[in-house]
Amino acid sequence: MSKNKIDDTDLVSTQKKKFEMPHIYVILFVFSAIAAILTHFVPSGKYDRVLGPEGRTTIDATSYHLIEGSFPNSV
């Protein structure tokens, strides 16, 4: 055989590994962990509710105020 021929095992070892999507539980855990961490940095706030037209309760866009935050339990 010729010296220029490449063996199939050489091709497998030199190819880059393609990106593989992580399992859905890993993705959900990461998003949950990020959300839990952000609860310590995003300030707690509240809008006042007012009676709007047609008797529906709506939110007053200019009434935002900070409230005392309470961190959720980690357990």
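These figures come from a predicted structure and were not determined experimentally.
- Residues F29 and M21 do not share a hydrophobic cluster, clusters being chains of Ile/Leu/Val/Met/Phe/Trp/Tyr side chains in contact below 4.5 Å.
- Atom CG of D60 sits about 11.5 Å away from atom CZ of R49, to the nearest 0.5 Å.
- The hydrophobic cluster of L51 has no other members, since no ILVMFWY side-chain heavy atom comes under 4.5 Å of it.
- Clustering of Ile, Leu, Val, Met, Phe, Trp and Tyr side chains at separations under 4.5 Å places Y64 together with Y47, I59, L66.
- Summarising the geometry, atom CD1 belonging to I27 is positioned 4.5 Å from atom CD1 belonging to I24; distances are rounded to the nearest 0.5 Å.
- Note on I67: it does not cluster hydrophobically with V42, by side-chain heavy-atom contacts below 4.5 Å among ILVMFWY residues.
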